[in-house]
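Below: the structure, in structure tokens.
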Amino acid sequence: MDIPNKADLLSMLPSELETFIAEQGEAKFRAAQIYGWMQKGVSWDKMMNLPKRTKEKLSEIAEIRLPSIREKHVSKLDGTVKYLFETCDGQFIESVVMRYHHGNSICVSSQAGCRMGCKFCASTLNGLARNLLPSEILGQIIIASADIGERISNVVMMGIGEPLDNYANVIRFLQLVNLPDGLNIGYRHISLSTCGIVPKIYELAEQDMQITLSISLHAANDTARSAIMPVNNRYPLAELMTACRDYFDITGRRISFEYTLISGKNDSEKDAAELAGLLKHYMEARPFHVNLIPVNEVSERDFARSTDDDIKKFVSALEKRRINATVRRRLGSDINASCGQLRYHAQKDH
Ligand code: SAH
């Protein structure tokens with residue numbers, strides 16, 4: 001952890017910022033001015049209505065940890081924008097903005113790297129460098145929104161990192177992004193995806209935020225799941241699925257199950273039947289959704305995408321068992337919009 005010991009202003013709630021500014025002997029209204037600028041992605045030098053003396057004094061003891069854009073790739077197919085950001089201390093992270101009819105969605109990173117070790121995933125290739133601060137998660141949205149010049153109205157925490165492995169910072173980020181004077185993004189417009197850190201799923205349920213929880217399932221029995229997701233050795237399916245059921249019972253929010261289709265590994269009709277059995281056994285009559293994601297082939301990883309025919313058969317095997325599943329549309333396929341591969345290569349070349 002290589003973070004200088006300055007106050008992290010963008011991670012503060014407005015009331016905390018006000019107290020901090022007052023403690024420095026500055027007028028309280030300065031806090032609102034600084035807060036407003038930060039939400040627009042503006043750093044000290046361009047805060048026009050602040051005296052130079054105040055900015056100099058504050059920037060010695062405090063910082064605004066907005067990430068900078070290092071690379072930007074725009075899909076010619078669907079307008080998807082992928083950013084490689086650099087944090088103040090030289091960590092690389094990625095975000096993807098997806099343009100839908102109902103508005104712009106952003107996929108944000110929660111950690112620089114990841115220590116979960118999923119076998120098909122590029123984000124975990126070099127392990128975890130460090131947790132992102134709330135400001136650095138929020139900053140991805142602020143800078144991307146300023147860059148495209150449009151509001152971003154939906155957030156998915158499905159970028160690099162395991163959000164529940166950076167629990168406290170992620171909760172603070174969720175509080176910040178929801179503030180009416182901030183980005184004002186409603187909890188119902190936010191999804192958080194986890195590989196299944198069971199105790200944190202219970203903690204999250206108790207927060208009573210109306211966010212959508214996505215579970216990266218990817219296999220329907222412990223042997224298959226442990227082979228591709230080491231986290232399953234610690235929290236096997238019985239515990240994870242019980243937590244999902246409890247999460248629904250506590251929050252009333254429908255769970256979304258993610259299932260990556262890997263050719264010859266988990267994409268047979270028998271696998272579909274087993275998945276249907278698992279979901280029905282634990283969720284019973286509770287509503288849930290299944291999202292099928294044809295695996296993105298990562299050059300460092302040896303997994304192949306299922307054929308279209310196998311995907312179709314998998315979906316109908318689920319439907320036959322009255323389970324609705326959607327196959328995720330691949331956005332930005334020409335810019336390799338998923339994966340964490342930009343970070344991996346940027347880090348290697350640095
Ligand atoms: N750590 C969290 C969120 C980040 S990954 C989680 O595990 O849920 C977001 C989703 O992309 C997860 O479902 C993850 O399993 C999936 N994913 C990772 N690598 C992938 C790949 N190569 N192809 C398809 N999906 C992948």
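If you read the sequence from its start, that first residue is 1, and numbering goes on from there. Everything numeric here is computed off the predicted structure, so don't read it as measured data. Just so you know, ligand 1 is whichever comes first in the structure, and atom 1 is the first atom listed for that ligand.
Here is the list of ligand 1 atoms found below 4.0 Å of a heavy atom in T260: 24 (C), 25 (N). Every atom of ligand 1 is numbered from 1 in the order shown, and the set under 4.0 Å from a heavy atom of C121 is 18 (C), 19 (N). Residue contact check: V295 has heavy atoms under 4.0 Å from atoms 21 (C), 22 (N), 23 (N), 24 (C) of ligand 1. Ligand 1 places these atoms under 4.0 Å from at least one heavy atom of C195: 6 (C), 7 (O), 8 (O). Listed by number with element, the atoms of ligand 1 under 4.0 angstrom from any heavy atom of G161 are 1 (N), 2 (C), 3 (C), 4 (C).
The shortest heavy-atom distance from C114 to ligand 1 is not under 4.0 Å. The shortest heavy-atom distance from G159 to ligand 1 is under 4.0 Å.
Under 4.0 angstrom from ligand 1, the non-hydrogen atoms of T194 all belong to its backbone.
A cation-pi arrangement, defined by a distance under 6.0 Å to the six-membered ring centre and an angle within 45 degrees of its axis, is present between K200 and Y167.
Heavy-atom proximity to atom 18 (C) of ligand 1, evaluated over F257, F120, Y259, F303, is greatest for F120. Of the listed residues (H218, M158, Q111), the one carrying the non-hydrogen atom nearest atom 14 (C) of ligand 1 is H218.
Panel note: side chain N266, backbone I262; a donor-acceptor pair is recorded below 3.5 Å. No donor-acceptor pair under 3.5 Å is formed between the side chain of Q207 and the backbone N or O of M209.
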For this session: Given side chain to side chain donor-acceptor pair (under 3.5 Å), test R253 with T212 step by step and report yes or no.
Result: CA-CA 7 Å; R253 298 289 293 163; T212 299; 3.2 Å; yes
Less than 3.5 Å apart, which donor and acceptor atoms pair up between the side chains of residues 31-42 and the rest of the protein, not counting sequence neighbours?
residue, atom, partner, partner atom, Å
Q33, OE1, R30, NH1, 2.9
W37, NE1, N49, OD1, 2.8

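Scanning for salt bridge (Lys or Arg N to Asp or Glu O under 4.0 Å) contacts around R321 gives an empty result, with sequence neighbours left out.
No side-chain donor from either of T307 and D309 sits under 3.5 Å from a side-chain acceptor of the other.
Between F85 and F92, a ring centre-to-centre spacing not shorter than 6.0 Å is recorded.
Between E162 and ligand 1, at least one N/O pair is under 3.5 Å apart.
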